[in-house]
Amino acid sequence: MDTKIVKAYGTASAEADLNQLNINRRSVTAKDVEIDILFCGVCHSDLHFARNDWGMTQYPVVPGHEIVGTVTKIGSGVSKYKVGDLVAVGCLVDSCRTCNNCKDDLEQYCPQWVGTYGGYDKHLDTPTHGGYSETIVVDEDFVLSVPGNLDKAGIAPVLCAGITTWSPLKHWNVGKDSKVAVVGLGGLGHMAIKLAAALGAHVTLFSRSTSKVQDGLALGADQVIISTDEGQMASVMGNFDVIIDTVPYAHDLNPYIGTLNTNGTLVVVGYLGPLDPMLVTVPMIMGRKSVAGSLIGGIAETQELLDFCGKHNITSDVEVIKIQDINKAYERMLKSDVHYRFVIDMKSLKD
Ligand code: NAP
Ligand code: ZN
Ligand code: ZN
C-alpha cells in the first residue's frame, strides 16, 4: 500500500526523551479521512505508554489521542465528512464492528479495539501512531465532528479526559440530585468536575493539595476536601453516590469507600494494576457499596459529549505548548503541576 512520510514526535525506548522522527501514514482507502492535526492534548496515559509503565509498549511509540484537526483528503466511499471539516480523533481508530460490544456502541470494550497509538494497523501491519504528528489517516467511522463554537485547543482534551469521566457519570446515572466526588485534580479530574457540575450534580473534589482549593471551586466543585486531612475526610463519611478516582498510581482506596453512601460506587479510571494496600470488604458489605472500573467511551457517546460541550460551552482549561517542550511537560505532569491539561499546538512541528 502507498504511504506518506510525515514528521512526528516519539521515542524509541522507555528511558529516552521524546524526539522528532518520521513515520509512515497510509494513503486514504475508500473509507478513510486524512486529517491535518491542529492540536493534540497530552494525557497521563501518553507518559505511561512512552515509559512502558504498563509493560506493553512496542517502540518506537508516537503518543497522542486527543486530536483536533482539519480534513484534507477523503476516500471515494466517505459520506460523513468533506475536505475542510473540523474533526477530532480520540483513543480509538478501529474495532471489529461485529461483536456485541461493537453493536452496543461500546467499541472501547471490543476485544479487537485498535488504540490510536500502540494498536495494530491492519493496513500497514505495524503499530498505530498517535497525534504527536503532522497528519493522521482514520476510518470515517472513528472520526468525530467538532462543534464550531468551541476553542480548538480547549476541545482537544474532551477526546480522552472528557469522555473517560463522562462515560461513568452517564453509566451511573448522574443527574440533578446526585452527589459526586472526584479524586485528583489533573486532566481527567478537572473535566470530571466540569461535566458533573453541568449535569447538575453536587460536586466534591478530593485533592492532596491545599494549593488547588480555589481552582477546584472555580472549576465548579461545591467543596474541596483535602484527602490527607482526617477531620475533613470524616466530615464526608457516607456521602457520595459516585466517586470518580483519577489518580494515576497505586493508592489507598479504603478511605474513599467510607465516604460512599449505601449503594454508592467508586469508579476507578486512573490507576491500572493491583491495589496496594488491598481493599477491605467490610464497609462494602455493610453498605452494598461497589468498586468499579471504566475505560474511555464509545464513538457515539464521544460524539454525544462533544455536542453537549458545544451546547453548554464547555472546554478544558489548557496550557498550550510547543511540541519541542513535551519532555518538560511530562516532568511537570509527574509533579501534578498541570493547569489542567497541556495541549500541543502542532504548528510547532511544522516549523
Ligand atoms: P494528571 O493530569 O497527571 O492528573 C492526575 C492527578 O492525580 C494529579 O493532578 C493529582 O491531583 C493526583 N495524583 C497524582 N499522583 C498521585 C499520587 N501518587 N497519589 C495521589 N494522587 C495523585 O493525569 P490524567 O491525564 O488526568 O490521567 C489520570 C490517570 O487516568 C492516568 O493514570 C491515565 O493513564 C488514566 N487514564 C485512564 C483512562 C481510562 O479510560 N480509564 C483514560 C485516560 C487516562 P491532586 O494534586 O489534586 O491530588
Ligand atoms: Zn488519555
Ligand atoms: Zn467488536
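Predicted model only: the values in this text are computed from it and were never measured. Just so it is clear, the values below take in all heavy atoms, side chains as well, and ignore hydrogens, waters and symmetry mates. Along the sequence shown, the residues carry numbers beginning at 1. Atoms within each ligand, like the ligands themselves, are counted from 1 in listed order.
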Atoms of ligand 1 close to C160 [distance to a heavy atom under 4.0 angstrom, numbered from 1]: 42 (C), 43 (C)
Inside 2.8 Å of the Zn ion (ligand 3) but strictly below it, how many protein N/O/S atoms are present? 4
Output yes when the distance from some N or O of ligand 1 to some N or O of Y249 is under 3.5 Å, and no in every other case. no
Ligand 1 N/O within reach of Y340 N/O, cut-off under 3.5 Å: no
If the condition is side-chain hydrogen bond (donor to acceptor under 3.5 Å, both in side chains), which residues does S336 pass it with, not counting sequence neighbours? R208
Against heavy atoms of G187, which atoms of ligand 1 measure under 4.0 Å? 1 (P), 2 (O), 4 (O), 26 (O)
Would you say V338 contacts ligand 1, with heavy atoms under 4.0 Å as the rule? no
Heavy-atom proximity to atom 26 (O) of ligand 1, picking from L188, T165, V268, points to L188
Which residue owns the protein heavy atom closest to atom 17 (C) of ligand 1, what's the atom, and how far is it? R208 NH1, 3.4 Å
Does some non-hydrogen atom of Q108 fall short of 4.0 Å from ligand 1? no
Could you give all pairs that pass the side-chain hydrogen bond (donor to acceptor under 3.5 Å, both in side chains) test and reach residues 271-291, with sequence neighbours left out? N263-R288
With atoms numbered from 1 as shown, which atoms in ligand 1 lie under 4.0 angstrom from a non-hydrogen atom of K212? 9 (O), 11 (O), 45 (P), 46 (O), 47 (O)
Looking at ligand 1, does any of its N/O atoms fall within less than 3.5 Å of an N/O of G270? yes
Short list, please: which atoms of ligand 1 are under 4.0 Å from a heavy atom of W54? 34 (O)
Note on the Zn ion (ligand 2): protein N/O/S atoms within less than 2.8 Å are C43 SG, H65 NE2, C160 SG
Any N/O pair V269/ligand 1 closer than 3.5 Å: yes
In terms of atom number and element, which parts of ligand 1 are under 4.0 angstrom from non-hydrogen atoms of S45? 33 (C), 34 (O), 35 (C), 36 (N), 43 (C), 44 (C)
Does H251 reach ligand 1, in the sense of a heavy atom lying below 4.0 Å from it? no
State whether the shortest distance between N or O atoms of I296 and N or O atoms of ligand 1 falls below 3.5 angstrom. yes
Would you say the rings of H48 and Y249 are close, in the sense that their centroids are separated by under 6.0 Å? yes
